[in-house]
Structure formats: structure tokens, C-alpha cells
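Inspection log for the structure reproduced underneath, given as C-alpha cells.
Small disclaimer: the values here were computed from a predicted structure and weren't measured.
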Amino acid sequence: MSSTLPGVRTRLTDLAEQAGVSTATVSRVLNGKPGVSAQARQAVITAMDLLGYERPDKLRPRSTGLVGLVVPELSNPVFPAYAQVIESVLTQRGYTPLLCAQQPGGTTEDQYVEILLDHDVAGIIFLSGLHADTHQPIDRYQSLRGRGLPIVLVNGSAPGIDAPTVAADDSVAIDLAMRHLLSLGHRRIGLAIGPERFVPAQRKRRAFAVALRERLGITDDTDHVVSTLFTVEGGATAAHELIDQGHTAIICGSDLMALGVIRAARQRGLRVPEDLSVVGFDDSVLIGFTDPPLTTVRQPVQAMGRAAVAALMSEIAGTPTSRNELLFHPELIVRGSTGSAPL
């Protein structure tokens, strides 16, 4: 007798159509019958997840262990995007992810690590954590490695930490944005970034200085860079200063900063992109639906998230990966917030 639930006829049909297999194949997967390829079985399981059907107990992966994922916040949409990818891949690998999201005045990264150690995690992935802050000591990570715990660092490299590192190539990001704006005729281009103690901000500023010198002959970037916070408010603050300096285009260290720049421009009666072009960074969810849709440099979140998990799995398996930083090329996404330089 079949062990499927009431409404099985509709469910079998829905799952078969979603997975691209026959209803007979779906039935065999649901009932744990042999004779189904691994590819077809995974297609049915994926279809169940996509359509919101609860997996039968026999199809639920047994946890191989716990893995911690420490993120600095969830208010910036790029961090939940990373978390979703990493947690999904960990689950597929048989691990149970434990998300540790910080917030001002709440549990700190170090406190989360203690909690994760108490849960005997198999490893930890740190996303834009204290490892990316050059003002922070690295002994916390050296201590973890000293006790043999596998860790992976995402977006922020610190010499002396024995761990794989995955990052978006900030130099490429700035080069893409600069070339795009230069092609539109802009010559007064500013950079709005977060605190320069963070590795990604440092790298963006260095790349920006090189671009100013090589492409525009500007040897001093002092009047062209404003460092604030990676937030909407930070972007607005930077925008006022850069607009006062006569810039017609602004490259931002995050999409949230770019939204702040657009807000500040409108407060001053400027139009985007007619009077001011704006480029973001991240390509967060819904950014393409802003007004105007934001031109931005997309972080390869999917590829980087998968690479971080793959590196951690290798470390857990006892086959350490390269300690050379693995850099991923971002992609320029041109939308409506950039246009020709004003005459």
C-alpha cells in the first residue's frame, strides 16, 4: 500500500511537472523504492522544496554535524543572500547550519564563537567578520585553528590566519565601474566607501586611486573619496560632500550607500542620472526595482557561497585547500542610475 498522503494525485502531478519526470518516478522517490537515478531523485526533492511540500522523514538528510555561519548583520540584504546560499549547500552536504547574526548591542562575534564551540560544531564560516577589520587582533582565529577547528573566511583577508579565504575582487569592481562612467563622459568621479579599517574598503580605495591616476591623471584622491558607513545614512553624508566638490558621478561601497546618495541628490534638487550618476556594489535583492533601477557591481554570491562551503568540507575531511585567497570577479549590471555626463 502506498504511504503517500491524501491529495497524492495532485501532488504527484505537481512534483512531476516541476521536476521534469514521470509521476511514477515521483511515487518511487516518495516511497523510497529503488530504480531511480540519483539525478531524478534530487530533482524530485528539489521540486518538493520549491513547491513547499514537506519532505517525508525518509527523504530528510541525516545531519553529519553542525556548522556555524557568523554574519555581521542581516539589515544589509547581501548578507541574507549569502546566508541562504551557504545554508542551502551545507544542508545538501548533510550538515546542519547554525546562523549567528549580530546586531548593535547584541551578541558579539566572540560570544557566538563560544556558543558554537559549546555545540561542538564541525567548522565555522565567517562572513565579513572581525577578520576583515584591520584594527582587530587575529589571535581569536589563530586560537580556533590551534585547537584544530576548520574555518573559512569570506570577504576579508588577514595575514597570519591559517584558513582558506574567499572574496570578491574589489579591484575589478572599481575598474568596471570606472570604465563604465568614463565611457559616459564623466571626469569628476567620486568614491563613497565605508570605514577604511575594513579590508574591502581599503582595496576599493587603492584601486580607485590607481584608476584616477592612470585614466584621469589625478595623483591625489583626497578630494574624491569620502569614508563614512556602509549604510543609507553613510551614503547620504558622503554624497553631500562629493556633490559639493563638483562630482557628476559617485561609485559606492554598497547598494545601501548608493540609495543614500540618490536620496541626498534629490534633497538638493538633482536628478539621477541626468545630473548625477550613481553606481552601487552588491546587487542586493530588489535593487533592480528602485527608482531609478540601480546600476551596480554584482557580487558573485552564489559562486562564492558554494566555494566557501567546498573549502570548509575539504578542511573537515582533512584535505586542506590552498591558503592563497580565492578571488571572484564581480559583474557590472547597468540599469537606470547612470547616464551621460551633464554638459
Is any side-chain heavy atom of [Y] closer than 4.5 Å to one of [X]?
X: Ser277; Y: Leu181; result: yes
X: Ile262; Y: Leu294; result: yes
X: Ile174; Y: Leu191; result: yes
X: Cys252; Y: Val278; result: yes
X: Leu229; Y: Pro195; result: yes
X: Val297; Y: Pro330; result: yes
X: Leu276; Y: Val261; result: yes
X: Met178; Y: Leu212; result: yes

I need the [X] [atom1] to [Y] [atom2] distance, nearest 0.5 Å.
X: Asp221; Y: Leu216; atom1: CG; atom2: CG; answer: 12.0 Å
X: Ile124; Y: Leu116; atom1: CD1; atom2: CG; answer: 5.0 Å
X: Thr107; Y: Ile115; atom1: OG1; atom2: CD1; answer: 5.5 Å
X: Gln299; Y: Ser254; atom1: CD; atom2: OG; answer: 10.0 Å
X: Ser340; Y: His186; atom1: OG; atom2: NE2; answer: 7.0 Å
X: Tyr82; Y: Ile125; atom1: OH; atom2: CD1; answer: 11.5 Å

Which heavy atom of [X] sits nearest a heavy atom of [Y], and at what distance?
X: Met257; Y: Thr228; answer: CE-OG1, 3.4 Å
X: Ile138; Y: Pro159; answer: CD1-O, 3.3 Å
X: Ala265; Y: Ile243; answer: CA-CD1, 4.3 Å
X: Ala122; Y: Ile316; answer: O-CG1, 3.6 Å
X: Ala163; Y: Leu153; answer: CB-CG, 4.5 Å
X: Leu130; Y: Glu109; answer: N-OE1, 2.9 Å

When you look at [atom1] of [X], are more than 12 heavy atoms from neighbouring residues, nucleotides or ligands closer to it than 6.0 Å?
X: Glu274; atom1: CD; answer: yes
X: Asp120; atom1: CG; answer: no
X: Gln84; atom1: CD; answer: no

Step-by-step side chain to side chain contact (heavy atoms under 4.5 Å, CB included) determination, His224 to Arg188: CA-CA 8 Å; His224 304 279; Arg188 293 287 296 179; 3.3 Å; yes
Aromatic plane relationship, Phe198 with Phe230 - under 30° parallel, 30 to 60° tilted, over 60° perpendicular: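 The rings of Phe230 and Phe198 sit tilted, inter-plane angle from 30° to 60°.
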Are [Y] and [X] co-members of a hydrophobic cluster defined by side-chain heavy atoms under 4.5 Å apart?
X: Val279; Y: Val226; answer: no
X: Leu98; Y: Val70; answer: yes
X: Ile86; Y: Val152; answer: yes
X: Leu66; Y: Ile151; answer: yes
X: Phe79; Y: Phe328; answer: yes

Using a 3.5 Å distance criterion without hydrogens, assess whether the side chain of [X] forms a donor-acceptor pair with backbone atoms of [Y].
X: Asp275; Y: Pro342; value: no
X: Thr23; Y: Leu12; value: no
X: Glu196; Y: Gln202; value: no
X: Asp282; Y: Ser284; value: no
X: His247; Y: Leu242; value: yes
X: Thr296; Y: Phe281; value: yes
X: Ser227; Y: Gly194; value: yes
X: Asn31; Y: Lys33; value: no
X: Thr290; Y: Ile287; value: yes
X: Arg145; Y: Leu149; value: yes

Check against side chain to side chain contact (heavy atoms under 4.5 Å, CB included), Leu259 and Arg263: CA-CA 6 Å; Leu259 296 182; Arg263 174 191 291 179; over 6 Å; no
Full working for side-chain hydrogen bond (donor to acceptor under 3.5 Å, both in side chains) between Thr338 and His180: CA-CA 9 Å; Thr338 50; His180 172 60; 2.9 Å; yes
Audit row: Gln42, Thr46, side-chain hydrogen bond (donor to acceptor under 3.5 Å, both in side chains) steps and yes/no: CA-CA 6 Å; Gln42 185 58 50; Thr46 301; 3.2 Å; yes
CA sep, side-chain torsions, deciding dist, call: Val309, Gln92, side chain to side chain contact (heavy atoms under 4.5 Å, CB included): CA-CA 11 Å; Val309 174; Gln92 291 172 12; over 6 Å; no
Working for side-chain hydrogen bond (donor to acceptor under 3.5 Å, both in side chains), residues Asp110 and Thr108: CA-CA 5 Å; Asp110 289 335; Thr108 66; 5.4 Å; no
Ion pair check, Arg323 and Glu315, cut-off under 4.0 Å: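 Between Glu315 and Arg323 there is a salt bridge, with a charged N closer than 4.0 Å to a carboxylate O.
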Given Ile218, Ile251, Ile250, the one that forms side-chain contact (heavy atoms from CB on, under 4.5 Å) with Ile189: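 Exactly one option meets the side-chain contact (heavy atoms from CB on, under 4.5 Å) with Ile189, and it is Ile251.
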CA sep, side-chain torsions, deciding dist, call: Leu182, Arg187, side chain to side chain contact (heavy atoms under 4.5 Å, CB included): CA-CA 7 Å; Leu182 289 168; Arg187 294 298 178 267; 3.5 Å; yes
